[in-house]
Structures are given as C-alpha cells and as structure tokens.
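As structure tokens, the structure follows; a few thoughts come after it.
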Amino acid sequence: MSKVDYDLIKEINSDVNENTIYISDLARYKREEYWAVAKGFGDCEDYMLAKLHLAMEDGVPMDRVYIVVCGVNTPGDHAVLRIDDDEGQ
C-alpha cells in the first residue's frame, strides 16, 4: 500500500469543514439530491467530493480512499470520505 500523511488528511478535512457552509440540495438546487464539489456551500456529499478533489490534488494514494454512504438517524443518507493512513485509522 502507498504511504499516507495523516497530518495532510487532517488539514484537508479542516480546510473543507471550516470554509464550507452547509446548505441542502433542495435549498441550493431545488432538487432532492445533487452531487457537486462544494465551493463554499454544500451538503455532506459536496463536502466529501471537495475533500476527494483536494486529496487527489495533493497526491493522496487512491488505493487508500473510500467513498462511504450510510444511513443515519435523520431523513436521507450521509456521505463521507474515508482515507486510511499508515496506522489503519
């Protein structure tokens, strides 16, 4: 497996979380679901796509990257980006 910089992963996560304002697809696109890279605004899958884009740009090995969509205790599903570091975290 390729090597992953855990500090870089944390930086990508913080950067997107701190610079993106949550807005639902319904409010922004007038659609129940629309996947787009968050550029200042978005919902969970848009945050995830922005993080994926930055990870690819920064050379994070794609054999360590997973798109995870899961059920939650609120209406709809939730999407996150999982990146395994060298410690399996």
Where is the tightest heavy-atom contact between [X] and [Y], given as atom of each residue plus distance?
{"X": "Tyr47", "Y": "Asn17", "result": "CD2-OD1, 3.6 Å"}
{"X": "Ile9", "Y": "Val4", "result": "CD1-CG1, 3.0 Å"}
{"X": "Gly71", "Y": "Asp77", "result": "CA-OD1, 3.7 Å"}
{"X": "Gly42", "Y": "Thr20", "result": "N-CG2, 4.0 Å"}

(request) Indicate, with yes or no, if Leu49 and Tyr29 share a hydrophobic cluster defined by side-chain heavy-atom contacts under 4.5 Å among Ile, Leu, Val, Met, Phe, Trp and Tyr. (result) no
(request) Report yes or no: do Tyr22 and Leu26 belong to one cluster of Ile/Leu/Val/Met/Phe/Trp/Tyr joined by side chain heavy-atom distances under 4.5 Å? (result) no
(message) Which residues end up grouped with Ile21 if you chain together Ile, Leu, Val, Met, Phe, Trp and Tyr wherever their side-chain heavy atoms are less than 4.5 Å apart?
(response) Ile23, Phe41
(message) Tell me which pairs pass salt bridge (charged side-chain N to carboxylate O under 4.0 Å, His left out) where either residue lies in residues 9-30, with sequence neighbours left out.
(response) Asp7-Lys10
(request) Kindly write out the residues that satisfy side-chain hydrogen bond (donor to acceptor under 3.5 Å, both in side chains) with His78, not counting sequence neighbours, or none if the list is empty. (result) none
Using distance only, find each side-chain donor-acceptor pair of residues 33-40 under 3.5 Å and give its atom names and separation, not counting sequence neighbours.
residue	atom	partner	partner atom	Å
Glu33	OE2	Trp35	NE1	3.3

Could you go through residues 53-61 and list every donor-acceptor pair under 3.5 Å that involves a side-chain atom there, pairing it with any protein atom two or more places apart or in another chain?
residue	atom	partner	partner atom	Å
His53	NE2	Glu57	OE2	3.2

(request) Examine distances only and state if a side-chain atom of Arg64 and a backbone atom of Ile83 form a donor-acceptor pair shorter than 3.5 Å. (result) no
(request) Taking the side chain as every heavy atom from C-beta outward, state whether Leu81 and Tyr66 have any atom pair closer than 4.5 Å. (result) no
